[in-house]
Amino acid sequence: MKAVHFGAGNIGRGFIGKLLADAQAELTFADVNQPLVDQLAHQQSYQVNVVGKDARIEKVSRISAIHSASPDAIRQIAQADIITTAVGPQVLEKIAGTLAQGLIARYQQGNNQPLNIIACENMVRGTSQLKQHVMLQVPEEMQGWMEQCIGFVDSAVDRIVPPGEAANDPLDVTVETFSEWIVDSTQFKGELPHIEGMEPTANLMAYIERKLFTLNTGHAITAYLGQLAGCKTIRDAILNPDIRQIVKAAMEESGAVLIRRYAFDPEQHAAYIDKIISRFENPYLHDDVERVGRQPLRKLSDGDRLIKPLRGTLEYGLPHQNLLIGIAAALSYRSEQDPQAQELATMLASKGIEQTLRDVCNLQDQPKVVTQITNVYNTMQHQA
Ligand SMILES: NC(=O)c1ccc[n+]([C@@H]2O[C@H](COP(=O)([O-])OP(=O)(O)OC[C@H]3O[C@@H](n4cnc5c(N)ncnc54)[C@H](O)[C@@H]3O)[C@@H](O)[C@H]2O)c1
Ligand SMILES: O=P(O)(O)OC[C@@H](O)[C@@H](O)[C@H](O)[C@H](O)CO
């Protein structure tokens, strides 16, 4: 099996690339970070340090790496059996051009072998969005062939992988024991590839929303409240009893929506939340609130982890006080390193909180909620 993985970052090396390598795939990482590409291509291996219960060091070897915008990338796409990505939601559009060129080359070579493309990003149906970007860049005559040979497979991916400690080999990654990669079995072309750790389901939406609107909702709120409380890491933040209470309650609020929407068992869902909180507490992971809070405009957008669960509570008439606190905390997030945090601060200064909420979170139709979040936000600013 020939595999190309776009994005040799934390989750790329620490999870998806690792599973592909374990499945004996001929694995090529494609990335824009040239020093990273050079080191991977030179070393052809790296270590995954699994920390916590069942701690172990696992080696990934016999891998190669190329620049993702190079002619090599196009050649590899033309020959691949599986392509995965972990580049960040906003980058999918950027790699669509290279993917389209690779698919055009594949078509011209008469390669009719099935190829499955799986975006492993924290977003709802990211691969379907990638497909739309790619489809815009392939000629009309290829569309029937694409439908027959190219699978665009949505997925949900879960493993906490913070950036490695500076003292280590920069290629090494530190990961938690827990991992989950769920793919939509209905979208594959050809036979489902056997990759240990990749779980097919015909009910993907339930899993995507369960993960994004529980783990990522709670994670983001932990980060944003953590920053307000002066905490550097997610562990420090979740060990603060006030933050922990709000985070857990916010996950329960979004959980009530998920239980209603997907008929999850309430007891199992409560256990899922408790397990997630224990993962945030992991003493072996150093996860900065700035990594988890990164790109607040994305996290405050209407389809993402804060507003979509809030919308669910409004739809079903369920409580949402703690989600509102989380949203107000997200609006309070500041980071000099993060262009989206800078843009958010500029918007708040120029438009004010209410207009920012309407524009960023698309809450024009919810004046009462806008007022409630505004009140919480203003109180937070006075306390800070
Ligand atoms: N780290 C985690 O805990 C985790 C867990 C689950 C899902 N995710 C998701 O995985 C994705 C990546 O997250 P990450 O934490 O690994 O980020 P990261 O920044 O560590 O890795 C992203 C990689 O993509 C590369 N990249 C950027 N533009 C590119 C391009 N045009 N072509 C190829 N490569 C490009 C970057 O150079 C970087 O190496 C995000 O969508 C994130 O939400 C992350
Ligand atoms: O990657 P983001 O920016 O969407 O979210 C930050 C973290 O919540 C996220 O990376 C988690 O660590 C991950 O989703 C765990 O599976």
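If you read the sequence from its start, that first residue is 1, and numbering goes on from there. Indexing begins at 1, ligand by ligand and atom by atom, following the structure's order. What you see is a predicted model, and the numbers here were worked out from it, not measured in a lab.
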**Student:** Are side-chain heavy atoms of Tyr316 and Arg311 found at a separation under 4.5 Å?
**Tutor:**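 SC-SC contact between Tyr316 and Arg311 ruled out.
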
**Student:** What part of Leu215 sits under 4.0 Å from ligand 2 if we count only heavy atoms: the side chain, the backbone, both or neither?
**Tutor:**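 The side chain, only.
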
**Student:** Around atom 12 (O) of ligand 2, find the nearest protein heavy atom and jot down its residue, atom name and distance.
**Tutor:** Arg291 NH2, 2.7 Å

**Student:** According to the interplanar angle, ranging from 0 to 90°, do the rings of His219 and Phe280 count as parallel (below 30°), tilted (30 to 60°) or perpendicular (above 60°)?
**Tutor:**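 Judged by the thresholds at 30° and 60°, the geometry between His219 and Phe280 is parallel.
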
**Student:** For Val50 and Glu176, work out which heavy atoms get closest and say how close.
**Tutor:** CG1-O, 4.0 Å

**Student:** Hey, is ligand 1 close enough to Asp158 that some N/O pair sits below 3.5 Å?
**Tutor:** no

**Student:** Are Met146 and Ile104 connected in the hydrophobic side-chain network, where two residues link if heavy atoms are under 4.5 Å apart?
**Tutor:**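 Met146 and Ile104: one cluster.
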
**Student:** Numbering the atoms of ligand 2 from 1, which are under 4.0 Å from a heavy atom of Asn122?
**Tutor:**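 That gives atoms 1 (O), 2 (P), 4 (O), 5 (O), 9 (C), 10 (O), 13 (C), 14 (O) of ligand 2.
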
**Student:** Just jot down the ligand 2 atoms closer than 4.0 angstrom to any heavy atom of Lys211, in number order.
**Tutor:**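 Close to Lys211: 13 (C), 14 (O), 15 (C), 16 (O).
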
**Student:** Which atoms from ligand 2 have a heavy atom of Asn216 less than 4.0 Å away?
**Tutor:** 7 (C), 8 (O), 9 (C), 11 (C), 13 (C), 14 (O)

**Student:** Can you find an N/O atom of Arg279 closer than 3.5 Å to an N/O atom of ligand 2?
**Tutor:** no

**Student:** Evaluate Arg294 for polar contact with ligand 1, using N/O atom pairs at a separation under 3.5 Å.
**Tutor:**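 Between Arg294 and ligand 1, an N or O pair is found under 3.5 Å apart.
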
**Student:** Between ligand 1 and Arg298, is the shortest N or O to N or O distance under 3.5 Å?
**Tutor:**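 By distance alone, the answer is no.
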
**Student:** Indicate yes or no: does Lys232 engage Asp236 in a salt bridge with an N to O separation below 4.0 Å.
**Tutor:**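 Answer for the salt bridge query: no.
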
**Student:** Do Ser45 and Lys59 make a side-chain contact, defined as non-hydrogen atoms from C-beta onward lying under 4.5 Å apart?
**Tutor:** yes

**Student:** Of the protein's non-hydrogen atoms, which lies at the shortest distance from atom 33 (C) of ligand 1, and what is that distance?
**Tutor:** Ser68 OG, 3.3 Å

**Student:** Applying a strict 4.0 Å limit to heavy atoms, is Glu180 in contact with ligand 1?
**Tutor:**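 Outside the 4.0 Å threshold, so no.
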
**Student:** Mark up the atoms of ligand 1 that fall under 4.0 Å of a heavy atom belonging to Ile160, in ascending order.
**Tutor:**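 In order of number, 3 (O).
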
**Student:** Do ligand 1 and Lys211 have nitrogen or oxygen atoms that lie under 3.5 Å from each other?
**Tutor:** no

**Student:** So for ligand 1, is Pro162 a polar contact partner (N or O within less than 3.5 Å, distance only)?
**Tutor:** no

**Student:** Name the closest protein heavy atom to atom 7 (C) of ligand 2, giving the residue it belongs to and the distance to 0.1 Å.
**Tutor:** His219 ND1, 3.4 Å

**Student:** When you group the ILVMFWY residues by side-chain heavy-atom contacts below 4.5 Å and let the links chain together, are Val369 and Tyr224 in the same group?
**Tutor:**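 Yes, it is one cluster - the side chains of Tyr224 and Val369 are joined through contacts under 4.5 Å.
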
**Student:** Could you tell me whether ligand 2 has any atom less than 4.0 Å away from a heavy atom of Arg159?
**Tutor:**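 It does; at least one heavy atom falls under 4.0 Å.
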
**Student:** Is the closest heavy atom of Met123 to ligand 2 under 4.0 Å?
**Tutor:**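 Checking ligand 2 against Met123, which is what was asked, there is no heavy-atom contact under 4.0 Å.
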
**Student:** I need the atoms of ligand 2 closer than 4.0 Å to a non-hydrogen atom of Arg298, numbered in the order shown.
**Tutor:** 2 (P), 3 (O), 4 (O)

**Student:** Answer yes or no for Arg279 and Phe178: cation-pi contact, defined as NZ/CZ to six-membered ring centre under 6.0 Å and angle to ring axis within 45°.
**Tutor:**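 Yes, a cation-pi geometry.
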
**Student:** Determine whether any heavy atom of Cys120 lies closer than 4.0 Å to an atom of ligand 1.
**Tutor:** yes

**Student:** Looking at ligand 1, does any of its N/O atoms fall within less than 3.5 Å of an N/O of Phe6?
**Tutor:** no

**Student:** Among all protein heavy atoms, pick out the one at the shortest distance from atom 5 (O) of ligand 2; state its residue, atom name and that distance to 0.1 Å.
**Tutor:**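 Its nearest protein heavy-atom neighbour is Arg305 NH1, 3.0 Å.
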
**Student:** Looking only at protein heavy atoms, which one is nearest to atom 1 (O) of ligand 2, and what is the separation?
**Tutor:** Arg294 NH2, 2.7 Å

**Student:** At a 4.0 Å threshold, what atoms of ligand 1 neighbour a non-hydrogen atom of Ile95?
**Tutor:** 30 (C), 31 (N), 32 (N)

**Student:** Can you check whether Asn33 has an N/O within less than 3.5 Å of an N/O in ligand 1?
**Tutor:** no

**Student:** Which residue and non-hydrogen atom of the protein lie closest to atom 16 (O) of ligand 2, and at what distance in Å?
**Tutor:**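 For atom 16 (O) of ligand 2, the nearest protein heavy atom is Asp158 OD1, 2.6 Å.
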
**Student:** Touching ligand 1 at all, Arg291? Heavy atoms, strictly under 4.0 Å?
**Tutor:** yes

